[in-house]
Amino acid sequence: MKVYLLQHKYDYEIYEGIMTTNGKLIGIYSSRQNAEKVKEQYKSKKGFNRFPESCFLINEYVLNEDHWTEGFITLENAKRKVRYDIPKRFEKKPVRKKCSKETLIDNKVYILWHYYEYDIDGLDLNLDAIKAIGIYSSKQKAEEVKERLKPKPGYNKYPEDCFYIDRYRLNEDHWTEGFITWDSETDSWIE
């Protein structure tokens, strides 16, 4: 079974050439058409309407399929003050579980994230590193994947509380309002 993750993401400068990403998970949908329909509705909402359509991302996931399974390594560019996590080994195909038609309880799915913050040397800034490992039909399946990944390279450098499992109801919007942004140059909110 395929599901479609709809997000809104954009990059912005937080300090003298240092960029970060602001992302909002809008929802997880049972079809690309459902995700596209919601995207069209959100394009005119406050905040979302200030960004190009390319900031809306629809990613296809196969339910119970794992990503980032071999762990990760971190590359740093001190001059540009950026950091990237990349898979330890690029996989030709993600690990697929044998399953026919998945049965979802109350139409709920569980997304497993790996999230940690890191400091920029010499600055009082924390940036985020976030990976979506997979979307699962049960919390138990997500927990099993988490346990399998904990000893892998990259993951083993961070405490267990860097893994998050979030529950979402399929075909339900989860960021229902628009948003406003603080502009530090003008000391005002932008709608």
Side-chain angles (χ1 to χ4, degrees), residues 1-10 21-49 51 53-72 85 87 91 93-117 128-152 154-156 158-181:
M1 175 180 184
K2 293 180 181 177
V3 294
Y4 299 84
L5 178 68
L6 173 59
Q7 299 178 84
H8 184 266
K9 287 186 175 184
Y10 60 92
T21 301
N22 185 314
K24 295 161 188 61
L25 191 148
I26 296 170
I28 303 172
Y29 304 91
S30 60
S31 71
R32 182 171 292 279
Q33 294 82 359
N34 288 353
E36 289 284 352
K37 181 180 172 185
V38 172
K39 178 180 95 171
E40 289 302 314
Q41 295 168 359
Y42 273 69
K43 284 176 14 182
S44 62
K45 286 189 178 217
K46 181 174 28 177
F48 293 104
N49 60 1
F51 294 91
E53 186 171 346
S54 61
C55 290
F56 288 93
L57 306 171
I58 299 174
N59 298 103
E60 179 182 285
Y61 284 81
V62 174
L63 204 60
N64 301 322
E65 181 179 276
D66 306 335
H67 301 269
W68 295 85
T69 58
E70 296 300 316
F72 63 93
D85 285 346
E91 301 162 345
K93 292 183 180 180
V95 177
R96 292 192 186 259
K97 307 282 188 227
K98 289 185 177 182
C99 64
S100 54
K101 195 82 168 165
E102 280 294 323
T103 304
L104 300 177
I105 299 170
D106 293 330
N107 234 13
K108 292 176 188 165
V109 293
Y110 298 81
I111 186 165
L112 174 61
W113 305 95
H114 186 262
Y115 166 90
Y116 66 93
E117 292 182 345
D128 303 331
I130 304 170
K131 290 172 265 328
I133 296 169
I135 301 175
Y136 303 91
S137 58
S138 71
K139 185 174 182 180
Q140 179 184 348
K141 288 182 182 188
E143 289 282 355
E144 289 169 3
V145 173
K146 177 181 100 170
E147 291 303 315
R148 201 169 56 245
L149 293 180
K150 283 179 5 183
K152 299 282 185 174
Y155 298 117
N156 61 4
Y158 298 94
E160 182 174 335
D161 63 356
C162 290
F163 287 94
Y164 295 89
I165 299 172
D166 290 327
R167 182 185 72 198
Y168 290 92
R169 192 175 301 277
L170 206 57
N171 297 315
E172 183 177 290
D173 301 349
H174 296 278
W175 189 282
T176 57
E177 301 294 323
F179 65 94
I180 58 177
T181 306

Colleague: Please name the pair of heavy atoms, one in Tyr155 and one in His114, separated by the smallest distance, quoted to 0.1 Å.
Modeller: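 So the two residues come closest at CD2-CD2, 3.5 Å.
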Colleague: Might you point out which heavy atoms bring Thr176 and Tyr42 nearest each other, and give the distance in Å?
Modeller: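 It is CA-OH, 3.5 Å.
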Colleague: Could you pull out the closest heavy-atom pair between Asn64 and Ser137, with the gap in Å?
Modeller: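 Heavy atoms of Asn64 and Ser137 come nearest at OD1-N, 2.9 Å.
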Colleague: Rounded to the nearest 0.5 Å, what separation is found between the CH2 atom of Trp68 and the CG atom of Leu149?
Modeller: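 Nearest 0.5 Å value for the CH2-CG distance: 11.5 Å.
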Colleague: So, are Lys146 and Glu143 salt-bridged, with charged N and O less than 4.0 Å apart?
Modeller: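 So Lys146 pairs with Glu143 through a salt bridge.
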Colleague: Does Lys141 pair with Glu144 as a salt bridge, N-O distance under 4.0 Å?
Modeller: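 Salt bridge between Lys141 and Glu144, a charged N being under 4.0 Å from a carboxylate O: no.
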Colleague: Answer yes or no: is there a side-chain heavy-atom contact under 4.5 Å between Leu104 and Met1?
Modeller: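 Answer yes - side chains close enough.
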Colleague: Would you say that Asp166 contacts His174 through its side chain, given a criterion of any heavy-atom pair below 4.5 Å between the two side chains?
Modeller: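 A side-chain contact is absent here, since even the closest heavy-atom pair is not under 4.5 Å.
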Colleague: Within a 6.0 Å radius of atom CD on Gln140, are there more than 12 heavy atoms belonging to other residues, nucleotides or ligands?
Modeller: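 Count not over threshold, so no.
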Colleague: Should the pair Tyr158 and Tyr116 be assigned to parallel (<30°), tilted (30 to 60°) or perpendicular (>60°) ring geometry?
Modeller: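 The rings of Tyr158 and Tyr116 lie parallel, inter-plane angle below 30°.
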Colleague: How long is the straight-line distance from NZ of Lys2 back to CD1 of Ile135, given to the nearest 0.5 Å?
Modeller: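 Between atom CD1 of Ile135 and atom NZ of Lys2 there are 13.5 Å.
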Colleague: What's the separation between atom OH in Tyr10 and atom CZ in Phe48, rounded to the nearest 0.5 Å?
Modeller: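 Those atoms lie 9.0 Å apart.
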Colleague: Nearest 0.5 Å, please: how far is OH in Tyr136 from OH in Tyr61?
Modeller: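 Reported to 0.5 Å precision, the distance equals 9.5 Å.
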Colleague: Between Leu112 and Ala142, what is the shortest heavy-atom contact and its length?
Modeller: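 Of all heavy-atom pairs spanning Leu112 and Ala142, the closest is CD2-O, 3.7 Å.
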Colleague: Mark yes when over 12 heavy atoms from residues, nucleotides or ligands other than Lys150 sit less than 6.0 Å from its NZ; otherwise mark no.
Modeller: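 Above 12, so yes.
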Colleague: Is there a donor-acceptor pair under 3.5 Å between the side chain of Asn171 and the backbone N or O of Ser30?
Modeller: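 Such a contact is found between Asn171 side chain and Ser30 backbone.
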Colleague: Would you indicate whether Arg32, at its atom CZ, is surrounded by more than 12 heavy atoms from other residues, nucleotides or ligands within a distance under 6.0 Å?
Modeller: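 Yes, CZ of Arg32 has more than 12 neighbouring heavy atoms, counting only those of other groups under 6.0 Å.
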Colleague: Count the heavy atoms belonging to other residues, nucleotides or ligands that lie under 6.0 Å from NZ of Lys45, then report whether that count exceeds 12.
Modeller: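 Counting neighbours around NZ of Lys45, more than 12 heavy atoms of other residues, nucleotides or ligands fall under 6.0 Å, so yes.
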Colleague: What distance do Leu6 atom CG and Leu25 atom CG have between them, rounded to the nearest 0.5 Å?
Modeller: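 Leu6 CG to Leu25 CG: 7.5 Å, rounded to 0.5 Å.
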Colleague: Between His8 and Phe51, is the ring centre distance below 6.0 Å?
Modeller: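 Yes.
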Colleague: Run the numbers on Asp173 and Tyr29 for side-chain hydrogen bond (donor to acceptor under 3.5 Å, both in side chains), then give the verdict.
Modeller: CA-CA 9 Å; Asp173 301 349; Tyr29 304 91; 2.7 Å; yes
Colleague: Would you give the length of the straight line joining atom NZ of Lys37 to atom CD of Glu40, rounded to the nearest 0.5 angstrom?
Modeller: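 Reported to 0.5 Å precision, the distance equals 11.5 Å.
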Colleague: Could you give me the CA-CA distance, side-chain angles and deciding distance for Glu53 and Lys43, then say whether side-chain contact (heavy atoms from CB on, under 4.5 Å) is met?
Modeller: CA-CA 7 Å; Glu53 186 171 346; Lys43 284 176 14 182; 3.3 Å; yes
